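Shown next, in structure tokens, is the structure this report addresses.
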Protein chains: 2
Amino acid sequence: MTDPSLAPASGHDHSHCVADALARADSLCASRGARLTALRRRVLELVWRSHRPRGAYAILEDLSQQEGKPAAPLTVYRALDFLVEQGLVHRIESLNAYVGCPAPGLAHTGQFLVCESCGNTEEIDDPRIREAIRDGAAARGFRVRLPTVEVRGLCPDCQSRPRPETTP
Amino acid sequence: MTDPSLAPASGHDHSHCVADALARADSLCASRGARLTALRRRVLELVWRSHRPRGAYAILEDLSQQEGKPAAPLTVYRALDFLVEQGLVHRIESLNAYVGCPAPGLAHTGQFLVCESCGNTEEIDDPRIREAIRDGAAARGFRVRLPTVEVRGLCPDCQSRPRPETTP
DNA sequence: GTCATCGGGTTATGATATAACGCCATTCCC
DNA sequence: GGGAATGGCGTTATATCATAACCCGATGAC
Ligand SMILES: [Zn+2]
Ligand SMILES: [Zn+2]
Ligand SMILES: [Zn+2]
Ligand SMILES: [Zn+2]
């Protein structure tokens, strides 16, 4: 709850991020006839506790704590699978973790700038990167289905700060 | 050994790939003063059994079989860590697996075209992709340390074949 | 020879993810 | 409404991937 490791990116009102994400999820699922159940919605909210990718088991702990009773891994994984399918959440392969999508709605994969110091992860969708990959693959006769771009490095904040917050 | 799932890419003499990789590793490590021990060399050879990324435990099994006695996971992971550090092997994050680098020597990360049907994985180093990522990150003030590009899709062979070989 | 360094063996444990089975609520057809 | 199909989710067990902690012997510097 008040865990500082869950602090969002540099001083913004993160409750807005969460509220927006949930509202978009509600309307998107409604428009698609997808069932955003109470459990799935809660898991989405827990993914959005920060802008850092969160592991399934971290979410599981939060969920168990909220419920009082311990939840099973499958419960969380099934919810995450749904959220990923709906494009509400992206999986960060290099971290085995999940992060909320700030702009769901259209099918996209995005590219991720993952700060190795604070963990905050920015999703971008850069046409040049997308096209370079598409063309590079096409030049070799390769048919792209799912491009994965995850860039580790240092976010602007952590380049100025000497030794910032610890990992989530 | 004769496991068809280990068959290399469409009809080439894979023993050359392996021999070349080992020779390059020998000379590279010699020139750097890095110790390519018998164990590490054997693990490199096992990574190169095919052009598909192989999991640490698959390598572990091969190794145990060769030795007669069962090996421990750490044995393999330590060897893989060394090989990755030396740039002789790349880790494919989205598969939790390792693949031999066809062009070690200069520090590079490469981009990977991973066929979802046959598993064969081609490493490329496309300047346009590299530069697009560098510029896209720079535009957002992000300092890149380690770009990861893993593209899932269909290789040329598997686009023509209807239902090809199974997964490794 | 003595010491520091490093590779690697051994055992145990942690972290991530899925299989197999079944119950029950919702929905859809009639 | 009755009855069947579907899908969401609980439960238990297990698979897969990765590291911690500790020790020991080989190697090379001095
Ligand atoms: Zn926020
Ligand atoms: Zn997105
Ligand atoms: Zn080959
Ligand atoms: Zn390479």
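Reminder, nothing fancy here: chain letters follow the sequence lines and each chain counts from 1. Being a predicted model, the structure only gives us computed values, none of them experimental.
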Spacing of [X] atom [atom1] relative to [N] atom [atom2], expressed in whole Å:
X: B/Arg91; N: D/dC17; atom1: CZ; atom2: C1'; value: 8 Å
X: A/Ile59; N: C/dA17; atom1: CD1; atom2: C1'; value: 14 Å
X: B/Leu60; N: D/dT16; atom1: CG; atom2: P; value: 13 Å
X: A/Leu63; N: D/dC9; atom1: CG; atom2: C1'; value: 12 Å
X: B/Glu93; N: D/dT16; atom1: CD; atom2: P; value: 20 Å
X: A/Arg42; N: D/dC9; atom1: CZ; atom2: C1'; value: 13 Å
X: A/Leu39; N: C/dT26; atom1: CG; atom2: P; value: 15 Å
X: A/Leu95; N: D/dA18; atom1: CG; atom2: C1'; value: 15 Å

Point-to-point distance, once rounded to the nearest 0.5 Å, from [atom1] of [X] to [atom2] of [Y]:
X: A/Leu44; Y: A/Leu80; atom1: CG; atom2: CG; value: 9.5 Å
X: B/Phe112; Y: B/Thr148; atom1: CZ; atom2: OG1; value: 9.0 Å
X: B/Asp20; Y: B/His14; atom1: CG; atom2: NE2; value: 10.5 Å
X: A/Cys158; Y: B/Phe142; atom1: SG; atom2: CZ; value: 9.0 Å

Using OP1 and OP2 only, check whether a side-chain N or O of [X] sits under 4.0 Å from [N].
X: B/Asn96; N: D/dA18; answer: yes
X: B/Arg35; N: C/dC6; answer: no
X: A/Arg40; N: D/dG7; answer: no

Test side chain to side chain contact (heavy atoms under 4.5 Å, CB included) applied to B/Cys115 and B/Leu154, step by step: CA-CA 5 Å; B/Cys115 180; B/Leu154 277 186; 4.1 Å; yes
Members of residues 70-86 of chain A that approach DNA chain C, where some heavy atom sits under 4.0 Å away: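 Close to the strand are A/Leu74, A/Tyr77.
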Stacking between B/Tyr57 and the base of D/dT16 (centre distance under 5.5 Å, interplanar angle under 30°)?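 One would not call B/Tyr57 stacked on the D/dT16 base.
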If the threshold is 4.0 Å, N to carboxylate O, is there a salt bridge linking A/Glu150 and A/Arg152? no
Decide, yes or no, whether a salt bridge links B/Asp62 with B/Arg42 under the criterion of side-chain N to carboxylate O below 4.0 Å.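 Salt bridge between B/Asp62 and B/Arg42, a charged N being under 4.0 Å from a carboxylate O: no.
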